[in-house]
Protein chains: 2
Amino acid sequence: MVKQKADIPSDSDVLERLRAIGLRPTRQRMALAKLLFAQGHRHVSAEDLFKEARANDIDVSLATIYNALHDFTAKGLLRALSVDSMGTYFDTNTSDHHHFFFERSGRLEDIGTDDIQISSLPRAPKGTEVSRVDVIIRIKD
Amino acid sequence: MVKQKADIPSDSDVLERLRAIGLRPTRQRMALAKLLFAQGHRHVSAEDLFKEARANDIDVSLATIYNALHDFTAKGLLRALSVDSMGTYFDTNTSDHHHFFFERSGRLEDIGTDDIQISSLPRAPKGTEVSRVDVIIRIKD
DNA sequence: ATTTGTGCAAATCGTTTGCATCTGA
DNA sequence: TCAGATGCAAACGATTTGCACAAAT
């Protein structure tokens, strides 16, 4: 029985996905995308992904990780978020949702939009538009 | 008519305030506290305060600014907040409230708790406690 | 052939720290 | 006196950038 990682998207899936958003499917982007979208939704830092890549014998520089992460974010494949000054995390869940933030550990956990009801919001200042509403529930852990 | 800055708290006010929270009212802490609490609520970065101090002929090092800001925060005189990775802002408003975040300019603006009604929140994970709920309305400006 | 991406190392930015020197109580 | 503060410069960690090289179209 062959040992295998769960749910790693196929090369062609990833390739399509990159092409679809207009990014050249290079070796490293493909490899990183496969890692990122392999398991369920995650919150990864550049450093995390760098280590993970090394662990999987993927040879990428940290600069390339940052580039890829930003490119993916710009194209809507990822969502960047930073709470406190603990660096940037990239969330593979790009749908509308919120977060628990565990203050001690710095860990993040998704909260579905259904679990938070905001019944009234102030209107955006005249001439402006709301881009997004982020709710962060900070947890004393 | 003497030109004067509005609402700068008196030396004795500031002195009392510092003593009350157990921080020695040193020359620089006094001066910084006076700047910080002079006008209404504000969101200042360490750098902002540094420049402001220089502009007012207050001789403090940046390290001291950071120390003071953190000390004040630890004692509840300020609240630290960071959105995106634009560094830390210190909010002179320590009461429960939320923020507008203007994405282009990086500016922050307070939103009173009354202006946002959250009707349902998920329970905190077992054994943990909610420290605070932060709502950030991101504005495309 | 052309354009776009990558790697590396150096540069930058915000923030922190070590340590010798001051200063308020 | 003497614990607590300050200033400075060096150290830091995260992120960005400049540029020569490599790979994708």
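Below, chains carry the letters A, B, ... as their sequence lines are ordered, and counting in each starts from 1.
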Comparing B:T26 and B:L62 on DNA chain C - which has the more 5′ nearest nucleotide: B:L62

Distance flag, aromatic centroids of A:H99 and A:Y89, threshold under 6.0 Å: no

Close side-chain approach of A:F101 and B:S131, heavy atoms under 4.5 Å: no

Neighbour count above 12 (heavy atom, 6.0 Å) for A:R107 CZ: yes

Nucleotide of D:dG4, D:dT15, D:dG7 approaching B:R29 most closely (side-chain heavy atoms): D:dG4

Lys NZ or Arg CZ of B:R42 over B:F37 ring: under 6.0 Å, within 45°: no

Selection from C:dT16, C:dA25, C:dG7 that lies nearest to any side-chain heavy atom of B:Y66: C:dT16

Nearest-neighbour nucleotide for the A:R19 side chain, D:dT25, D:dA5, D:dA9 considered: D:dT25

Pairwise 5' ranking along DNA chain C for A:G22 and B:S45, keeping only the more 5' one: A:G22

Between P of D:dA24 and CE of A:M30, the distance in whole Å: 10 Å

Spacing of A:H70 atom NE2 relative to C:dG5 atom C1', expressed in whole Å: 16 Å

Closest to side chain of B:R24, choosing from D:dT15, D:dG4, D:dT17: D:dG4

Evaluation steps, side chain to side chain contact (heavy atoms under 4.5 Å, CB included), between A:E47 and A:L62: CA-CA 8 Å; A:E47 203 63 39; A:L62 188 50; 3.9 Å; yes

Protein-nucleotide distance (B:M86, atom CE; D:dA14, atom P), rounded to Å: 19 Å

Options C:dA9, D:dA24, D:dT6, nucleotide nearest the side-chain atoms of A:P25: D:dA24

Sugar-phosphate, base or nothing in reach of B:D71, heavy atoms under 4.0 Å: nothing

Rounded interatomic separation in angstrom, taking CG from A:D84 and C1' from C:dT15: 14 Å

Between C1' of C:dT3 and CG of A:L23, the distance in whole Å: 14 Å

Sugar-phosphate, base or nothing in reach of A:T88, heavy atoms under 4.0 Å: sugar-phosphate

Listed nucleotide nearest any side-chain atom of A:S61, set D:dG7, D:dA5, C:dC8: C:dC8

Touch class at under 4.0 angstrom, heavy-atom based, for A:E47 against every strand present: nothing

Among C:dG7, D:dA5, C:dT15, the nucleotide that comes nearest once only the side chain of A:V60 is considered: C:dG7

Proximity of B:H97 and B:H41 rings by center, below 6.0 Å: no

Length of the line joining B:Q28:CD and D:dG4:P, which is rounded to integer Å: 17 Å

Nearest-angstrom distance from the residue atom CG of B:L18 to P of D:dA5: 11 Å

Spacing between B:L15 atom CG and C:dA25 atom C1', to the nearest angstrom: 12 Å

Proximity to the side chain of A:N67 - top-ranked nucleotide from C:dT6, C:dT15, D:dG7: C:dT6

